[in-house]
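See structure below.
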Amino acid sequence: MSLKVYNSFSRTKEVFTPITPGHVGMYVCGPTVSGESHLGHARPYITFDFIYRYLTYKGFKVRYVRNITDAGHFEEEGREAEDKVSKKAILEKLEPMELVQKYTNLFHWAMLQFNCVEPSIEPTATGHIVEQISMIEKIMAEGYAYEVNGSVYFDLKKYAATHDYGKLSGRIMDDLLETTRELDGQQEKRDKADFALWKSAAPEHIMRWKSPWGDGFPGWHIECSAMATKYLGADFDIHGGGMDLQFPHHESEIAQSTICNHHAPARYWLHNNMITINGKKMGKSYNNIIKLTELFSGNHPLLTQAFAPMTVRFFILQSHYQSPVDFSSEALLASEKALKRLWEAYEVLKKLTVPMEQEATDTVLDAKVLQWVNEFDEFMDDDFSTAKILANMFELAPVINGIKDGHIPGTALAGTTLVLLQQQFKVYLQDIFGLTHTTGADDNTLQGVMQLLIDIRKEAKNRKDYVTSDKIRKQLTTLGVELKDEKDGSMSWNK
RNA sequence: GGUCCUGUGGCCGAGUGGUUAGGCAAAGCUCUGCAAAAGCUUCUACAGCAGUUCGAAUCUGCUCGGGACCUCCA
């Protein structure tokens, strides 16, 4: 089966063919560590995490590069030569690198919470100033950049004359050139649409590096081009990021790399859609940001409760990565319950056993189960349709629970079917979707304490002392531990 | 203003022209000391109008609504 991905560049679903058979180079735009990550940031990292995991599952050796943007960029181009990082640093009275470190650590912590696999390489912009400068020099040598007052700009008009600038984002060059915007510093550019490759640093600017054009700092787009080229080559497979980065960021990356390397950087451009909140994109300008720390703690006016990272991960998996997803406390609560139900079915499934040589007594059900399971790969190959796989899993859950409860005879499914079901559930739920569940079952002390409580409750129940047995169950519930009486008289629990 | 996307049942969300998406919520039943969980059942929608077609949520056009980008943005 071949993997098909929606390529933003061609606006069609294409068969994915890596440049080097068996290997995939993937670059994803990482965070700007000038502030705390919010819910919106979670989406690309979780999306490209399961894409990375799936490519690995398919047998590709993937080099996954995700940068850390720690060299600030100007907040409003040309208005003031102050970058995000230095501005915030002054406000918080921190060293720029101290601030960068703080938010980098926080970002890594969040990725850990979401169970995101670490990228193969996580380069920082500040660690690649030399590469960025040399790339700018090459572009200048090619005649597509010019220097003015210590800043270097990309000559977009010249580029657009022979190249299709705007193809990725569906932009029309003439419109861009016509866009009238009166900003300070715009005058030094040959054309308003030209973007900066290097900006001259004003004396008060903290983050600054020496360059052939004087002290300054790199432009917004050049870091990704420089780092992607360095670690993945001039021509690599996948470039990913949020849809809002298509223009101007990715468009400009294409222009820079095309001139510098004489080659468009990536074959496949993958973009995840936005998370909205009450229909509006989550963003600073809308003042509707929910930080990840707030989400995990429930400490936000829009939240009715705290939500676990896995709930968020599941919530994102429940829709296609290219669809916008609207956030609400209610929607997340639904995800929380759904994940719980699914995970419990998975736990049940793990314990089911049937002899391998068992033949299916219910061939209709057996065929259905096989179809649902086999569709996992099919759906994932179809541009990573995680939502459809989850739907199939929910179709399978009643079958699993039915076998456990005895509504469905244990022999209904063939031994080989059950084994395949168990295997694929594990592979998808844990290895590809990256979901985890903490039952506390790995805590020996807690295990022992719970067993003790279960024993006491069983004894109480046996002598019909329901006051005691209900008290144990009720108090455990308030502690967040759920105790269930099974049909066979045993008890199970989970956190 | 320009470019593009989108409008699915109480809510969230899959949907590749013909067949039940799925989840959450709600109702009933079974099981249970009571619960919870689980199982079974019910609720069956595609913004509006027109067109193409034997047949459209799915294609086309128009109208209305929502959103993204055009500026830092995941």
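Just so it is clear: chains get the letters A, B, ... in the order the sequence lines come, proteins before strands, and each one is counted from 1.
A gap of 12 Å separates the P atoms of B/A21 and B/C46, to the nearest Å. The P atoms of B/A14 and B/U8 are separated by 11 Å, rounded to the nearest whole Å. Taking atom C1' on both nucleotides, B/A27 is separated from B/C43 by 8 Å, rounded to a whole Å. Of the P atoms belonging to B/G33 and B/C12, the separation is 40 Å, rounded to the nearest Å. Comparing the P positions of B/C11 and B/A26 gives an interatomic distance of 15 Å, to the nearest angstrom. Comparing the same atom, C1', in B/A45 and in B/G10 gives a spacing of 12 Å after rounding to whole Å. The separation of B/U20 from B/U44, taken at their C1' atoms, amounts to 9 Å, rounded to a whole angstrom.
For the pair A/K350 and A/Y346, the cation sits on the ring face: its NZ or CZ lies under 6.0 Å from the ring centre, inside 45° of the axis. For the pair A/R66 and A/Y45, the cation-pi test (distance below 6.0 Å, angle within 45°) is passed. Both tests hold for A/K388 against A/F379: distance to the six-membered ring centre under 6.0 Å, angle to the ring axis within 45°. Because its NZ or CZ atom is not both nearer than 6.0 Å to the ring centre of A/F217 and within 45° of the ring axis, A/R208 does not count as a cation-pi partner of that residue.
A/E395 comes within 4.0 angstrom of the backbone, heavy atoms only, and of no base. When heavy atoms are screened at a 4.0 angstrom cut-off, A/S323 is found touching the sugar-phosphate backbone but no base atom. A/R457 comes within contact range of at least one nucleobase, with a heavy-atom separation under 4.0 Å. No contact: A/D382 has no heavy atom under 4.0 Å from any strand. Here A/K461 lies in heavy-atom contact (under 4.0 Å) with a base. Contact annotation for A/D485: base contact, defined as any heavy-atom pair under 4.0 Å involving a base atom. Residue A/K484 is classed as a base contact, given a heavy-atom separation below 4.0 Å to a base. No contact: A/G283 has no heavy atom under 4.0 Å from any strand. Here A/H320 lies in heavy-atom contact (under 4.0 Å) with sugar-phosphate atoms only. Residue A/F247 is classed as a sugar-phosphate contact, given heavy-atom separations below 4.0 Å to backbone atoms only. As judged by a 4.0 angstrom heavy-atom cut-off over every strand, A/M282 is placed among the base-contacting residues. Across all strands, A/V348 comes closer than 4.0 Å to no nucleic acid atom at all (heavy-atom distances). In this structure, A/K388 reaches the sugar-phosphate backbone alone: every heavy-atom distance under 4.0 Å involves primed, P, OP1 or OP2 atoms, never a base. When heavy atoms are screened at a 4.0 angstrom cut-off, A/M274 is found touching base atoms of the nucleic acid.
When ring centroids are compared, A/H271 and A/H250 come within the 6.0 Å threshold. Ring centers of A/H221 and A/F195: under 6.0 Å apart, within the cut-off. Aromatic pair A/F114/A/F296: ring centres closer than 6.0 Å. Checked against the 6.0 Å centroid criterion, the rings of A/Y268 and A/F9 do not qualify as a close aromatic pair.
The separation between A/D465 atom CG and B/G33 atom P is 16 Å, rounded to whole Å. As rounded to whole Å, 11 Å separates atom P of B/A38 from atom NZ of A/K337. Put simply, CD1 on A/I472 is 15 Å from C1' on B/C34, counting in whole angstrom units. What separates NZ of A/K281 from P of B/C5 is a distance of 18 Å, to the nearest Å. A/F379 places its CZ atom 12 Å from the P atom of B/G22, with the value rounded to the nearest Å. Per the geometry, CZ belonging to A/F315 stands 12 Å off C1' belonging to B/C24, to the nearest Å.
Neither OP1 nor OP2 of B/A36 sits under 4.0 Å from any side-chain N or O of A/R473. The side chain of A/H407 contributes no N or O atom lying less than 4.0 Å from OP1 or OP2 of B/G39. Residue A/N272 places none of its side-chain N or O atoms closer than 4.0 Å to OP1 or OP2 of B/A74. Contact check, A/S319 against B/A14: a side-chain N or O comes under 4.0 Å of OP1 or OP2.
Closest to the side chain of A/T32, out of B/A36, B/A74, B/A38, is B/A74. Comparing B/C24, B/C69, B/C12 against the side chain of A/D244 picks out B/C69 as the nearest.
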Intra- and interstrand pairs of RNA chain B - dot-bracket, Watson-Crick/G-U under 3.5 Å, | marks other strand: (((((((..(((.....[...))).(((((.......)))))....(((((..]....))))))))))))....

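Judged by distance alone with a 3.5 Å cut-off, no donor-acceptor contact links the side chain of A/N392 to the base of B/G22.
The aromatic ring of A/Y45 does not sit over the base of B/A74; the criterion of centres under 5.5 Å apart with planes under 30° is not met.
In the model, A/T69 has a side-chain atom that pairs as donor or acceptor with a side-chain atom of A/E223 under 3.5 Å. Counted by atom type alone, A/N392 and A/Y428 present zero donor-acceptor pairs between their side chains at under 3.5 Å.
Remark on RNA chain B: of its neighbouring residues A/L245 and A/A338, the 5'-side contact belongs to A/A338, judged by nearest-heavy-atom nucleotide. Each of A/E486 and A/N273 was matched to the nucleotide of RNA chain B holding its nearest heavy atom; the match closer to the 5' end belongs to A/E486.
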